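Here is the naming used below: chain letters follow the sequence lines, and residue numbers restart at 1 for every chain. Just so it is clear, the structure is predicted and the values come from calculations on it, not from any experiment.
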Number of protein chains: 2
Amino acid sequence: MRATRFFISTLKEAPADAEVVSHKLMMRAGMIKRLGSGIYNYMPMGLRVIRKVENIIREEMNRAGAIEMLMPVVQPAELWQETGRWDKMGPELMRVKDRHGRDFIIQPTSEEAITDVVRSDIRSYRQLPVNFYHIQTKFRDERRPRFGLMRGREFTMKDAYSFDRNVEGLKQSYQIMFDAYTRIFQRFGLQFRAVAADNGAIGGSGSHEFHVIAETGEDALVYCPTSDYAANMEAAEALALSTERPAASAALTKTATPGKAKCEDVAELLSIPLQNTVKSIVLTVEDEEKGEAGKQVWLLLLRGDHELNEVKTAKVPGLANHRMATEAEIVEWFGTKPGYLGPINTKKAVHIVADRTVANMADFVVGANEADFHFTGANWGRDIPEGLVADLRNVVDGDPSPDGKGVLAIQRGIEVGHVFQLGTRYSQDMKATFLDENGKPQLLQMGCYGIGVTRILGAAIEQNFDDKGIIWPTSIAPFEVVICPMGMDRSDAVKTETEKLYQALLAAGVDVILDDRGERPGAMFADWELIGVPHRIVIGDRGLKDGKLEYVGRRDAEATIVPVEEMLAFVKAKLAT
Amino acid sequence: MRATRFFISTLKEAPADAEVVSHKLMMRAGMIKRLGSGIYNYMPMGLRVIRKVENIIREEMNRAGAIEMLMPVVQPAELWQETGRWDKMGPELMRVKDRHGRDFIIQPTSEEAITDVVRSDIRSYRQLPVNFYHIQTKFRDERRPRFGLMRGREFTMKDAYSFDRNVEGLKQSYQIMFDAYTRIFQRFGLQFRAVAADNGAIGGSGSHEFHVIAETGEDALVYCPTSDYAANMEAAEALALSTERPAASAALTKTATPGKAKCEDVAELLSIPLQNTVKSIVLTVEDEEKGEAGKQVWLLLLRGDHELNEVKTAKVPGLANHRMATEAEIVEWFGTKPGYLGPINTKKAVHIVADRTVANMADFVVGANEADFHFTGANWGRDIPEGLVADLRNVVDGDPSPDGKGVLAIQRGIEVGHVFQLGTRYSQDMKATFLDENGKPQLLQMGCYGIGVTRILGAAIEQNFDDKGIIWPTSIAPFEVVICPMGMDRSDAVKTETEKLYQALLAAGVDVILDDRGERPGAMFADWELIGVPHRIVIGDRGLKDGKLEYVGRRDAEATIVPVEEMLAFVKAKLAT
């Protein structure tokens with residue numbers, strides 16, 4: 001490609017609404033252009049990256065036996081009503097009426113559409129397994145779109161859907177997709193991590209997220225550097241921090257802690273480690289049929305330095321539909337306002353759940369259910385009845401790995417892929433069955449597998465940038481190599497050598513752009529550093545006199561001088577690594 | 001591709017709602033699957049054709065210097081309000097509100113979006129000309145979607161937009177696109193015709209439609225077999241059928257024609273050629289400000305065998321906003337009901353426009369403005385004042401070509417492409433300017449160029465099918481070649497030869513599918529004839545004994561016997577032609 005036949009439009013400054021580095025750099029590099037809130041034009045430079053991402057995904061999906069098709073952007077509401085998602089999904093589901101007043105949605109995913117296809121086209125077990133995917137425009141009406149392509153409203157997603165005869169088949173299809181995703185992210189040239197994720201309401205253990213590692217990532221990824229264990233924060237299991245509970249050694253003592261409503265302040269006041277304190281979290285569960293009489297109040301106990309994990313909380317039997325208690329409820333059940341709550345001397349009976357670590361603590365500090373007072377020396381059995389124990393908290397760095405093979409570390413990631421064993425969640429509602437070997441109808445076992453195509457661009461940049469701009473991995477760079485001739489209009493030697501090298505690179509199948517715009521070297525280099533092309537060749541009269549060209553890798557501090565006749569092989573070697 | 005790794009789902013019968021052959025065959029061949037009214041899933045077999053169509057378009061657009069980008073499906077209403085299309089477009093423009101109640105549209109085309117891009121990114125004449133295109137999902141909320149992909153609601157379109165400094169530049173950009181379109185349709189392997197089209201409200205002569213020739217086509221294409229002249233019916237100029245008006249020879253005679261309200265019936269009653277009769281068409285033009293006093297009634301005169309052309313009518317000065325007159329208006333102005341109207345003895349003064357052919361007629365028959373009576377022997381000047389003459393009618397087969405180089409013929413076509421000189425239609429409303437050589441802002445001159453990607457599939461089939469199914473041109477066939485082994489599971493020889501040939505074809509870059517499903521030969525052949533793969537190779541034990549294979553072209557009545565060792569070269573030769 002010659003730059004004069006392409007469209008390059010870089011900006012010195014990012015627009016004010018660009019908050020994160022990837023958004024700023026994509027805007028400055030002219031890769032995207034805002035059309036509306038959370039809605040972007042993919043400019044020629046950005047589209048090249050998207051196409052490379054799509055092609056890698058397509059190749060690996062095909063290799064894994066998935067079959068490409070294309071489902072519509074606008075889909076009839078009837079299908080979404082069949083599965084209940086029409087009602088369950090909130091305003092992020094974009095709804096639209098046609099000229100006849102019929103309801104449609106702009107698809108955020110295509111579970112319903114594909115299940116509609118297979119329930120009529122898949123008749124026999126002989127047609128299974130099958131895995132369909134498409135790469136299609138999606139829409140999610142985010143309340144607050146931001147971060148450019150990281151949380152836009154219109155985006156491109158690859159979503160695949162597998163259908164199997166039984167759970168074993170589903171697990172195999174799932175593993176095939178897991179492996180394909182691993183290859184895809186490896187080919188992107190990005191540091192990534194697959195982590196076990198929570199399956200939510202669907203249950204089962206078959207769900208993993210693929211994250212691009214980036215310090216700016218929104219998600220905390222938990223992993224064990226000395227084993228295979230990896231999970232997202234919602235799913236990472238927190239073990240008890242001591243395996244046995246020490247014997248009680250202190251007496252239960254009501255202690256004045258005036259104005260010290262937080263564990264940190266209590267610990268400081270009493271000069272004890274924060275790890276000796278226990279905090280109280282009060283939840284309410286309502287029973288719609290029984291009204292006020294059916295209301296339950298639960299007290300969750302966490303060590304003072306730990307944080308509640310909402311997903312784990314919802315898994316405690318009885319807490320699937322909890323909410324935070326109101327202050328009025330707290331006063332009614334505990335006799336005091338939040339800040340001094342605890343399991344001892346509650347006004348009305350509450351359900352108590354101790355986090356695993358709290359269950360093994362002794363002589364701890366806990367609220368006294370009286371303003372400005374805590375109990376010190378609290379102990380299980382003696383002061384508080386032994387009760388329900390559960391994993392309630394987020395793990396922290398240094399926690400023991402659940403597989404017993406080391407300690408956990410935490411890093412930040414950006415979720416760009418998700419694989420999910422759906423089971424019969426959709427096939428049941430939509431009556432998607434096949435005839436088994438005995439001619440009996442059976443529900444299809446379904447899996448779904450998504451990659452946020454356009455989000456990959458944002459994530460790749462969040463991982464790979466410097467103060468000059470983007471640093472694309474070669475496999476998804478808009479161009480692999482840029483040739484920057486200096487003074488091509490003045491020097492025949494530069495012009496001849498430039499054209500020769502350009503043609504040689506093209507002939508070698510290299511995705512090269514020749515910057516023939518006639519810009520000054522400074523502006524030209526700044527553009528390509530901003531755009532992030534990984535390999536740059538500079539051709540100038542001074543070097544040519546000695547038969548030399550310059551090569552600069554995007555991460556290189558200095559140029560490498562390469563003889564003219566060796567440059568092609570040099571670049572090919574760079575691209576091969 | 002191995003058929004067992006692909007998804008093939010053919011039907012014996014087309015669904016009842018499929019009206020046209022392309023719709024029926026695409027449904028039966030498993031290329032598309034209905035998700036909703038006018039909304040289709042593109043199944044794997046259909047998507048392969050779409051991708052081939054897209055790739056040919058992409059290659060030729062790139063070769064012509066157009067630059068690919070991607071604009072969003074969902075676009076803010078504000079832009080459409082700037083150009084007035086938000087109000088002007090009817091319910092075919094799909095409108096949608098987001099969660100905040102803001103208006104959006106689902107794009108039918110992207111003039112506004114691209115003009116929004118260039119008005120900020122194109123600053124100088126140095127950046128011109130530029131031509132952006134995208135291949136993107138479109139939506140048009142048709143009142144009555146039908147004919148499968150021929151008139152769907154959601155469809156894929158390639159739309160390109162050129163921007164130039166001046167009209168000369170626009171004309172060049174337009175010609176480049178016209179030439180690119182010619183190459184694209186040639187590469188599709190379809191019989192097509194580019195015809196001049198009417199520019200509608202925008203004016204100018206720069207608009208052509210590209211039609212795929214098909215007897216089932218909705219549009220009439222006018223062309224001169226002995227010259228380059230070609231236009232669609234709206235735009236094809238009708239010359240007067242005689243260059244001079246004969247002298248009057250008959251007296252004006254009021255003649256009883258009881259119950260003969262149509263020219264055909266009058267001609268039969270009077271035993272004269274239909275070509276001697278003149279029919280009257282009455283139009284009304286209202287002036288909103290002046291009300292009833294401003295109402296004008298126009299009488300258009302056409303030869304009895306000719307048809308009114310609405311587009312030409314609207315171009316007659318004063319008739320831009322006409323409508324058909326009501327019966328009440330006709331009675332008020334002519335003193336009689338329709339059927340016996342004419343230019344002589346009208347009750348009130350009407351504006352008379354004669355079609356060019358009528359203006360050169362003499363001694364003709366025309367309504368007498370009295371029920372059951374016509375005048376015979378009517379003549380211009382003597383009986384009817386000489387008045388306005390215009391081209392009002394559709395041309396018919398055998399008319400003289402407007403370029404004087406022969407006579408016109410008419411064939412049917414399906415519109416699949418349109419190129420259009422927009423001029424400043426959008427740049428004016430949206431204030432899209434650039435700075436010229438003198439630093440003065442000038443409006444951008446714009447052209448737009450569309451190809452209905454998914455419609456191509458329907459049109460190609462309407463042109464190429466037989467009673468067995470689709471006959472794809474090789475360049476857009478889902479597969480170029482299918483290998484049909486007979487009894488692969490029983491015969492090692494068949495299996496070995498099949499695998500060998502399959503690998504040889506793959507290695508030669510041939511897009512081949514191996515039907516390894518184990519179907520019976522009859523079912524297998526029927527499937528591939530229905531799907532329309534252009535080249536079939538049959539491998540069986542009987543032929544292999546003599547070292548022979550069978551080749552059957554999709555249009556061939558009989559198989560060709562080819563020695564095993566020559567088949568690869570034979571197929572490559574077929575593909576090369």
Exercise. What part of B:E154 lies closer than 4.5 angstrom to a heavy atom of chain A: side chain, backbone, both or neither?
Worked result: side chain
Problem set entry | Aromatic ring proximity, centroids under 6.0 angstrom, A:F479 and A:F6 | yes
Problem set entry | Contact origin within A:L93 toward chain B - heavy atom pairs under 4.5 Å | neither
Exercise. Any donor-acceptor pair under 3.5 Å linking the side chain of B:H100 with the backbone of A:R143?
Worked result: yes
Problem set entry | Contacting moiety of A:I50, where chain B heavy atoms sit under 4.5 Å | neither
Exercise. What salt bridge (Lys or Arg N to Asp or Glu O under 4.0 Å) pairs are there with at least one residue in residues 120-129 of chain B, not counting sequence neighbours?
Worked result: A:K33-B:D121
For this session: With a 4.5 angstrom heavy-atom cut-off, could you sort out which part of A:M71 is near chain B: side chain, backbone, both or neither?
Result: both
For this session: Heavy-atom distances under 4.5 Å only: say whether A:Q136 touches chain B with side chain, backbone, both or neither.
Result: side chain
Problem set entry | Under 4.5 Å from a heavy atom of chain A, the part of B:L70 involved | both
Exercise. So which pairs with a foot in residues 61-77 of chain A pass salt bridge (Lys or Arg N to Asp or Glu O under 4.0 Å), sequence neighbours left out?
Worked result: A:R58-A:E68, A:E60-A:R63, A:E68-B:R51
Exercise. Which residues in residues 105-116 of chain B have any heavy atom lying under 4.5 Å from a heavy atom of chain A?
Worked result: B:I106, B:A113, B:D116
Exercise. Among residues 34-41 of chain A, which ones touch chain B with a heavy-atom distance under 4.5 Å?
Worked result: A:R34, A:L35, A:G36, A:I39, A:Y40, A:N41
Exercise. Measuring heavy-atom distances to chain A, does B:I8 have an atom under 4.5 Å in its side chain, in its backbone, in both, or in neither?
Worked result: neither
